[in-house]
Structure formats: structure tokens, C-alpha cells
**Q** 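What follows is a single structure, and I will ask about it in a moment.
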Amino acid sequence: MPELPEVETLCRQLQNKICGSQILSSKVYDDKLAGSGKIRGVKVLAVERKGKTIVMRLNDDSSLLIHLRMTGRLLWLASSHRPKYGRWRISFDEGSIFLVDPRRFATVKVEMTRNEKAANDLLTGFSEKTFLNTQARRKVNVKILLMDPKAIAGIGNIYACEILYSTGISPLRQASTLSMKEWKKVFNHAKRILKKGIAKRGTSISDWRDLYGCRGENQNELKAYGQEGKICSRCGGAICRIKQGGRSTFYCPDCQK
DNA sequence: AGAACCGCCTGCTTGC
DNA sequence: TGCAAGCAGGCGGTTC
């Protein structure tokens, strides 16, 4: 599923492909996305990322916001022929971008730029001080907090597991019990792991593909997520799988304390 | 107020 | 082999 590194990969490709281009037409194939169908004649000024949201800046003071949720993908095709699970499309002179989404969770909306809300995106203007003041004493498990988009935007299940594994902190720890030193460690490891994910062009475990249908390489770097029963690379223990908030958490109970 | 839970979805995996 | 049940989970909304 697309998290910060995957969305960043897409945004960079989109920026290269459509920055400065005019949207000639758009088409909605799924009633759930009705309301995002009348985009035409505007130019794309830039493509940015906010957490896991793709933000296309348009030249009429609005932005097109695309959130892929679980199984959403954006696919560039030279033809405007709808692929399987195609839910929405915008077309340019040289080709079309399709939102492909089997599960239909993805969302598309247009928002006036002046109504835009700031996101606590870890790689762009994240305030550690604000986080420590408003989030760090919460009584939820640290893993749940890392995945809370209001606390930090962009981290999903895969990277939350990898970040905590890297820091040696148990996902079961209550957020309020982490020391200042441990929080600093979480921030630093999180940034490093997300940047590495971007450099590897995302984690293609199941669904993730880039704008041109290519897989990333970060799935080969995973130390915890999906590694149930495998040997911990740090201590030789066994990676375990538990449930937190209805989601799978993978961690090493022997060296994550 | 804040923590926990629910619902949206449908392809894939598992079990009988 | 075939079918049904269970699973996957981001996140906004609801409930406790």
C-alpha cells in the first residue's frame, strides 16, 4: 500500500511528466468519485506531496488532491483506453493518467488553495517541538501514534513496523513512556528509513507500482514487516506478528524493548 | 477530551 | 475442485 516513499516516488514522476501541461479532459468511471469529473482546460503548475496525499497545483488557485488509500495506483498510459479497475482519468496531449483501484477506497477532490490545511509531514516542515508538546504524552501505543495522520502524516503500517524495529523500541510501549532521547531516535530513524524508501522507489509487496507500472526495490530491505517467523537480523530471535488496533504488527520481542 | 471501535470495499487466501 | 468464510488496512466518523 502506498505510504510516504511510494507517494513521493509518484509525485516526482508526475512532476516530470505533467508539470506545465494542460488537462484536456477528465472522466469518472466510478460513482463514488462523482464530483471530481469537471476538470478541463486548467494547467498543472506543480505536483507536491503532503503526507500520503498527492497535490496537483492548478492555475486557477485550486488543487487536485488524490489519496490512494489501500490499493489505489496512478498509471500513465499513452492511450485513453480504460484499464481494469480504472476509476477516473485525466488526459493530456501526450497521454492519460488513470486512477486504478480495485477496492475503491481512493479519493479525488478539488480544493481551493486558500482552504488548504498544513500536514505534519515528517520530511517537509515537521515540528518536533509541536509533536513533543501535543502528541508525545498520549496514552496510545507508540505504533498506533506513528500511524495517526494527525500526529505524523505519511507513515503507514509497513514503515511504522520498520521504524520501530530500527530503533529497538517495542511497538507495545505507551507513547507517554518514551524518553526525549528515544523520541529523537524515532525521528532520526524515521527520516532515514523513509528517505531510503524513496531512494529504492517504494516497497512493492503486493500492489505498489509506480506511474509506469514498475516495481520498487524497498521490499528487499524489510527487516520486520512481513517477516513473521524469520530470524531477527540483530539478535537472532524470531520476528513475531501481533494485532494492534486491528492491524498486523511485526516486531522482535527479544530486542525491541 | 481522548481512546477504542466501525465501516467503507473487493481480490486473494484458507479451510472444509 | 468449488464454495464460503476470513483477511488485508487508511482514515474519517461514531461510540464509549
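Atom set for the values below is all heavy atoms of this structure, side chains included, hydrogens, waters and symmetry mates excluded. Note on naming: letters A, B, ... go to the chains in the order of the sequence lines (proteins, then strands), and numbering restarts at 1 for each one.
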**Q** Is A:Lys52 close enough to C:dG10 that one of its side-chain N or O atoms is under 4.0 Å from OP1 or OP2 there?
**A**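 Checking C:dG10 against A:Lys52, no side-chain N or O comes under 4.0 Å of OP1 or OP2.
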**Q** To the nearest Å, how far apart are A:Arg241 CZ and C:dC7 P?
**A**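 Those two atoms, CZ and P, are 10 Å apart.
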**Q** Tell me whether A:Arg138 contacts the main-chain N or O of A:Ala175 through its side chain, where contact means a donor paired with an acceptor under 3.5 Å.
**A**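 Checked: no pair found.
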**Q** For the side chain of A:Arg103 and the base of C:dG9, is some donor closer than 3.5 Å to an acceptor across the two?
**A**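 Yes, the side chain and the base share a sub-3.5 Å donor-acceptor pair.
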**Q** Looking at the side chain of A:Pro102, which of B:dA3, C:dG10, B:dG11 is the nearest nucleotide?
**A**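 Per side-chain heavy atoms of A:Pro102, the pick is B:dG11.
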**Q** Closer than 3.5 angstrom, by distance alone: can the side chain of A:Arg234 be matched with the main-chain N or O of A:Tyr165 as a donor-acceptor pair?
**A**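 Yes.
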**Q** On the nucleotide C:dC11, are OP1 or OP2 found under 4.0 Å from the side-chain N or O atoms that A:His67 carries?
**A**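 Yes, because at least one side-chain N or O of A:His67 sits under 4.0 Å from OP1 or OP2 of C:dC11.
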**Q** What is the separation between atom NZ on A:Lys32 and atom C1' on B:dT10, rounded to the nearest whole Å?
**A**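 Computing the A:Lys32:NZ to B:dT10:C1' distance gives 11 Å.
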**Q** Any carboxylate oxygen within less than 4.0 angstrom of a Lys/Arg side-chain nitrogen, looking at A:Lys184 and A:Glu128?
**A**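 Yes, A:Lys184 and A:Glu128 are salt-bridged.
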**Q** Between C:dC11, C:dG9, C:dA8, which one does the side chain of A:Arg69 approach most closely?
**A**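 Shortest atom-to-atom distance from the side chain points to C:dC11.
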**Q** Under the 3.5 angstrom rule, does the side chain of A:Ser204 hit a backbone N or O of A:Gly216 as a donor-acceptor pair?
**A**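 A pair under 3.5 Å: yes.
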**Q** What integer distance in Å separates A:Lys143:NZ from C:dC11:P?
**A**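 Rounding to the nearest Å, NZ of A:Lys143 and P of C:dC11 are 13 Å apart.
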**Q** B:dA3, C:dA8, C:dG9: which one has an atom nearest the side-chain heavy atoms of A:Met1?
**A**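 So the nucleotide nearest the side chain must be C:dG9.
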**Q** Expressed as a whole number of angstroms, how long is the span from A:Ile155:CD1 to C:dG9:C1'?
**A**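 Taking CD1 of A:Ile155 and C1' of C:dG9, I get 16 Å after rounding.
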**Q** Reading DNA chain C from 5' onward, which residue's closest nucleotide shows up sooner: A:Lys243 or A:Gly154?
**A**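 Looking at the nearest nucleotide for each, A:Lys243 comes out on the 5' side.
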**Q** Verify the contact: side-chain N or O of A:Ser248 to OP1 or OP2 of C:dG9, cut-off strictly under 4.0 Å; return yes or no.
**A**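 Yes, such a contact exists.
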**Q** How close or far is atom P of B:dG11 from atom CG of A:Asp101, stated in whole angstroms?
**A**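 Going from A:Asp101 (CG) to B:dG11 (P), I get 11 Å.
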**Q** One thing to verify: whether A:Glu221 and A:Lys196 come together as a salt bridge, which I'm taking to mean a side-chain N less than 4.0 angstrom from a carboxylate O.
**A**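 Yes, this pair counts.
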**Q** Find the distance A:Leu145:CG to B:dA3:C1' and express it as a whole number of Å.
**A**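 For the pair A:Leu145 CG and B:dA3 C1', the rounded distance is 12 Å.
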**Q** With nearest nucleotides of DNA chain B determined for A:Arg137 and A:Arg247 from heavy-atom distances, which residue corresponds to the more 5′ nucleotide?
**A**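 Whichever sits nearer the 5' end wins; that is A:Arg137.
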**Q** Is there a side-chain contact between A:Lys150 and the phosphate of C:dG13, meaning an N or O under 4.0 Å from OP1 or OP2?
**A**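 For C:dG13, OP1/OP2 do not have a side-chain N/O of A:Lys150 under 4.0 Å.
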**Q** Roughly how many Å is it from CE in A:Met147 to C1' in B:dA3, rounded to a whole number?
**A**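 The answer, rounded to whole Å, is 16 Å.
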**Q** Any side-chain N or O of A:Tyr225 less than 4.0 Å from the OP1 or OP2 oxygen of C:dG9?
**A**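 So the side-chain polar atoms of A:Tyr225 do come within 4.0 Å of the phosphate oxygens OP1 or OP2 of C:dG9, strictly under.
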**Q** Using a 4.5 Å cut-off on heavy atoms from C-beta on, say whether the side chain of A:Leu75 contacts that of A:Leu211.
**A**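 Sidechains of A:Leu75 and A:Leu211: no contact.
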**Q** Does a nitrogen or oxygen in the side chain of A:Tyr85 sit under 4.0 Å from OP1 or OP2 of B:dG11?
**A**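 A:Tyr85 to B:dG11 OP1/OP2: side-chain N or O found under 4.0 Å.
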**Q** Among the nucleotides B:dT10, C:dC11, B:dA3, which one has an atom lying closest to any side-chain atom of A:Arg104?
**A**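 Taking heavy atoms from C-beta onward, the closest nucleotide is B:dT10.
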**Q** If I take atom NZ in residue A:Lys139 and atom P in nucleotide B:dG2, what distance separates them, rounded to the nearest angstrom?
**A**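 Result: 10 Å.
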